[in-house]
Amino acid sequence: MNQPVRVRFAPSPTGYLHVGGARTALFNWLYARHHGGKFVLRIEDTDQARNTVEAVQVIYDGLRWLGLDWDEGPDAGGENGPYFQSQREAIYLRYFEQLRAAGHVYDDGGAWRFRFRREVVELDDLICGKVAFDFANVEIMPDMTVRRPDGSWIFHFVNVVDDLEMGITHVIRGEDHLSNTPKHLQLFAALGATPPRYGHIPLILNKDGSKMSKRDQGASVASYMEGGYAPEAVRNYLCLLGWSPKDDREKMEISEVMERFDLANINRKSAQFDLDKCNWLNAQYLAHMPVERYAELARPFLEKAGIATPSGPELHAVLALVQEKVKFLTDVPEWVRYFFTDEYEYDAEAADKTLRKPGAMDRLEQLATAYGAVETWEATALETRLKEAATSIPCKPAEFIHPARVAVSGRSVGPSLYHMLEVLGKERVLARFARTVERFR
RNA sequence: GACCCUAUCGUCCAGUGGUUAGGACACCGCCCUUUCACGGCGGUGACACGGGUUCGAAUCCCGUUAGGGUCGCCA
């Protein structure tokens, strides 16, 4: 009875990966990892019309991005392949013949229909509990088609055959399949096989409670990949949608989720996707992850923005400055561009408000003189010098701080001034001060 | 329409017969602060409704309502 757990994620390649599907994959993966079982990826590509290699790639990319690795499936191999339904024709034919020989299917105008047993079918769902469906009424529950006149197969049939053939022990899928399950149970019975256990997880809805469809914001995993999210943050958020560790924890290591995950405490009600909270969690992750990881995640966005960045400590020093301020990785380029080029623009509003303010250039020259004498170019010394300069005028430190910030970065917002100056280096800072004075004097 | 699932702050998640109904996001104040953020403190805000059961119900039962799902020669 205690056979090893085998679960699967069986998407059809539609060209995008829905967050709901991603969460289904995540829960399957967590269940497998928790029980030391296998996670199988099966591509349900029976619909030849919209089946393309690109569409399959989108699924791989999304799953890999979320860190969900599969033990069997395309690219991973396994003893239960092929893992594309389009390549399993012989298997389906064999099971179909079995059904036909036993009289479970009949020809209906060229299509083949499966004859339901007209009785009550009880399902003991791992999440929903016991649910009974009555097949007694033929009118409302007609026999189902399993094969079209052209010989192609219907979802219910191939899905069941594959789960059987692949030795799937637990089917964890969306609640939209709950009502389909008794049909699948009948198919298993007709095939003389023991069905897997089923667990139906609630669906993900939009913030307004409507069904989340392809076009809705945040519906596709790709939107997070492109939108500058840390994959661990999105994955964490998805874990919390319908499942909870039962304490007040929000940010959790995936290893801990893996340990504590269980189907028994998955919520029964559908959850609305709260992008705000997902964004908050993303910011939490970005702010607190090791700078090496941050750099790894930020690099593609830097490259895309055409910013030639150094690698290693030099880049890390810059990123560490802005790490806790940036909400999305897509924003990193604009926050650090001036560290890697002298060709930065002065923000028009910042220039008007700060650089063209009466006396601003005098302050900048005074600060340049003070800084020119600094020998140990590091933040605390720079802060001390600036405050001394302010006292000697006297004026508020802000009178120096704001012009200095805009002078070296072109922006009115940025990291801590002194740390920013330290990373920029004495030579560049003084040169930018001089250039700014020349231009705005 | 029939059948199935569900029902705690706007949202997510705790709470499984006795709690001032808790936490998080968002929102609003205050503090911190060179900008922007972070952070800290505080606040607004919920048991869908109606019947039962019980000394006592957010918690158990029934009904109503609402939301979601399924009823394809889609997956």
Side-chain angles (χ1 to χ4, degrees), chain A residues 10-14 21 44-47 49-51 85 108-113 123 125 127-129 131-135 137 139-142 144-156 158-159 173-183 200 202-211 237 240-251 265 267-281 283-284 287-288 322-327 335 350 353-354 383 386-387 390 396-406 409 411-418 420:
Chain A
S12 61
T14 58
E44 305 215 330
D45 58 345
T46 55
D47 189 348
R50 57 181 178 182
N51 172 28
Q85 287 190 331
D108 179 20
W112 289 87
R113 299 178 85 90
L123 162 67
D125 193 272
I127 298 167
C128 303
V131 188
F133 297 83
D134 191 358
F135 283 75
N137 192 333
E139 299 297 314
I140 60 173
M141 191 52 75
M144 71 173 165
T145 306
V146 293
R147 192 180 197 190
R148 302 186 188 87
D150 69 358
S152 60
W153 310 99
I154 297 297
F155 159 75
H156 302 288
V158 291
N159 189 265
R173 55 177 20 169
E175 194 192 86
D176 49 338
H177 285 300
L178 184 61
S179 301
N180 287 155
T181 305
K183 302 173 189 172
H200 289 89
L203 271 18
I204 295 181
L205 273 28
N206 282 315
K207 182 79 193 241
D208 66 1
S210 63
K211 187 178 178 179
Y237 179 73
L240 263 23
L241 214 48
W243 176 84
S244 125
K246 299 297 178 192
D247 52 30
D248 292 332
R249 309 275 303 291
E250 303 282 343
K251 190 181 172 199
N265 48 30
N267 254 126
R268 283 303 315 125
K269 65 174 177 185
S270 47
Q272 299 183 28
F273 197 96
D274 186 352
L275 198 55
D276 281 332
K277 187 156 185 176
C278 184
N279 291 347
W280 168 77
L281 203 50
Q284 290 293 313
H288 302 299
V322 303
Q323 191 178 343
E324 63 177 28
K325 298 182 178 285
V326 178
K327 302 293 187 194
W335 277 78
K353 218 175 133 187
T354 308
E383 179 170 2
L386 185 144
K387 286 181 174 165
K396 288 181 181 172
E399 296 289 316
F400 284 100
I401 290 169
H402 296 304
R405 172 186 300 290
V406 179
S409 71
R411 294 161 49 95
S412 58
V413 299
S416 154
L417 177 70
Y418 312 112
M420 171 167 65

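Just so we're clear, the structure is a prediction, and the values are computed from it rather than from any experiment.
No donor-acceptor distance shorter than 3.5 angstrom exists from the side chain of Ser152(A) to the backbone of Arg148(A), with no hydrogens or angles considered. Panel note: side chain Tyr237(A), backbone Asp274(A); a donor-acceptor pair is recorded below 3.5 Å.
With both ends at atom C1', the span from U20(B) to C38(B) equals 32 Å, rounded to whole Å. With both ends at atom C1', the span from U53(B) to A14(B) equals 27 Å, rounded to whole Å. The separation of A46(B) from U11(B), taken at their C1' atoms, amounts to 12 Å, rounded to a whole angstrom. Nucleotides C27(B) and C9(B) are separated by 12 Å at their C1' atoms, to the nearest Å. Taking atom C1' in both C74(B) and G15(B), one finds a spacing of 41 Å when rounded to whole Å. When the P atom is compared between A26(B) and A37(B), the two are found 13 Å apart, to the nearest whole Å. Nucleotides U65(B) and C49(B) place their P atoms 16 Å apart, quoted to the nearest Å. Using atom C1' as the reference point in both U16(B) and C60(B), the two lie 10 Å apart (nearest Å).
Comparing U6(B), A26(B), A75(B) by their nearest atom to the side chain of Glu44(A) picks out A75(B).
Phosphate proximity of C13(B) to Ser244(A): absent, as no side-chain N or O sits under 4.0 Å from OP1 or OP2. OP1 or OP2 of C73(B) lies within a sub-4.0 Å distance of a side-chain N or O belonging to Arg113(A). One finds a side-chain N or O of Asn267(A) lying less than 4.0 angstrom from the OP1 or OP2 phosphate oxygen of A14(B). Arg148(A) has a side-chain polar atom (N or O) that falls below the 4.0 Å cut-off from OP1 or OP2 of C74(B).
Among all heavy-atom pairs drawn from Cys128(A) and Val131(A), the shortest one is CB-CG2, 4.3 Å.
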All N/O contacts under 3.5 Å from nucleotides 27-37 of chain B to the protein, with atom names and distances to one decimal?
unit_1: U34(B); atom_1: O2'; unit_2: His402(A); atom_2: NE2; d: 3.2
unit_1: U34(B); atom_1: O2; unit_2: Arg405(A); atom_2: NH2; d: 2.7
unit_1: U34(B); atom_1: O4; unit_2: Ser416(A); atom_2: OG; d: 3.3
unit_1: U35(B); atom_1: O2'; unit_2: Ser412(A); atom_2: O; d: 3.2
unit_1: U35(B); atom_1: O2; unit_2: Gly414(A); atom_2: N; d: 2.8
unit_1: U35(B); atom_1: O2; unit_2: Gly414(A); atom_2: O; d: 3.2
unit_1: U35(B); atom_1: N3; unit_2: Arg405(A); atom_2: NH2; d: 3.3
unit_1: U35(B); atom_1: N3; unit_2: Gly414(A); atom_2: O; d: 2.7
unit_1: C36(B); atom_1: O2; unit_2: Lys325(A); atom_2: NZ; d: 3.0
unit_1: C36(B); atom_1: N3; unit_2: Lys325(A); atom_2: NZ; d: 2.4
unit_1: A37(B); atom_1: O3'; unit_2: Lys327(A); atom_2: NZ; d: 3.3

Would you list the protein and nucleotides 47-49 of chain B atom pairs, both N or O, that sit under 3.5 Å from each other?
none

Please enumerate all protein N or O atoms sitting under 3.5 Å from an N or O of nucleotides 68-70 of chain B, with distances to 0.1 Å.
unit_1: G69(B); atom_1: N2; unit_2: Ser179(A); atom_2: OG; d: 3.4

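Under the side-chain contact (heavy atoms from CB on, under 4.5 Å) criterion, Leu386(A) pairs with Leu367(A), Tyr371(A), Pro397(A), Phe400(A), Ile401(A), Leu417(A), Tyr418(A), sequence neighbours left out. Partners of Val326(A) according to the side-chain contact (heavy atoms from CB on, under 4.5 Å) rule, which considers only residues two or more places apart in sequence or in another chain, are Tyr294(A), Val322(A), Asp331(A), Val332(A), Trp335(A). A search for side-chain hydrogen bond (donor to acceptor under 3.5 Å, both in side chains) contacts involving Asp134(A) returns nothing, not counting sequence neighbours.
Base pairing of U35(B) is not made with any nucleotide, judged by Watson-Crick or G-U wobble geometry with both donor-acceptor distances under 3.5 Å. With a 3.5 Å ceiling on both atom-pair distances, the Watson-Crick or G-U wobble partner of A48(B) is U64(B). Taking a pair to require two hydrogen-bonding distances under 3.5 Å in either a Watson-Crick or a G-U wobble arrangement, C3(B) pairs with G69(B). The partner of G22(B), taking Watson-Crick or G-U wobble pairs whose two distances both stay under 3.5 Å, is C13(B). Summarising the base pairing, G42(B) is matched to C28(B) through a Watson-Crick or G-U wobble pair whose two defining distances lie under 3.5 Å.
Nucleotide C55(B) is shown with an anti base, its glycosidic torsion being more than 90° from 0.
Side-chain atoms of Lys269(A) and base atoms of A7(B) include no donor and acceptor less than 3.5 Å apart.
Counting heavy atoms from C-beta on, the side chains of Asn279(A) and Lys327(A) never come closer than 4.5 Å. Residues Pro202(A) and Glu175(A) form a side-chain contact, since some pair of their non-hydrogen atoms from C-beta on lies under 4.5 Å apart.
Closest-nucleotide positions on RNA chain B for Pro142(A) and Ile127(A) were compared, and the one nearer the 5' end corresponds to Ile127(A). Position along RNA chain B of the nearest nucleotide to Arg147(A) versus Gln284(A) favours Gln284(A) as the more 5'-ward residue.
Within the 4.0 angstrom heavy-atom criterion, no nucleotide atom of any strand lies near Gly174(A). His200(A) comes within contact range of no nucleotide atom at all, as no heavy-atom separation falls under 4.0 Å. Among the atoms of the strands shown, only primed sugar atoms or phosphate atoms (P, OP1, OP2) are found under 4.0 Å from some heavy atom of Gln272(A).
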For this session: Test side chain to side chain contact (heavy atoms under 4.5 Å, CB included) on Gln85(A) and Trp153(A) and set out the steps.
Result: CA-CA 10 Å; Gln85(A) 287 190 331; Trp153(A) 310 99; over 6 Å; no
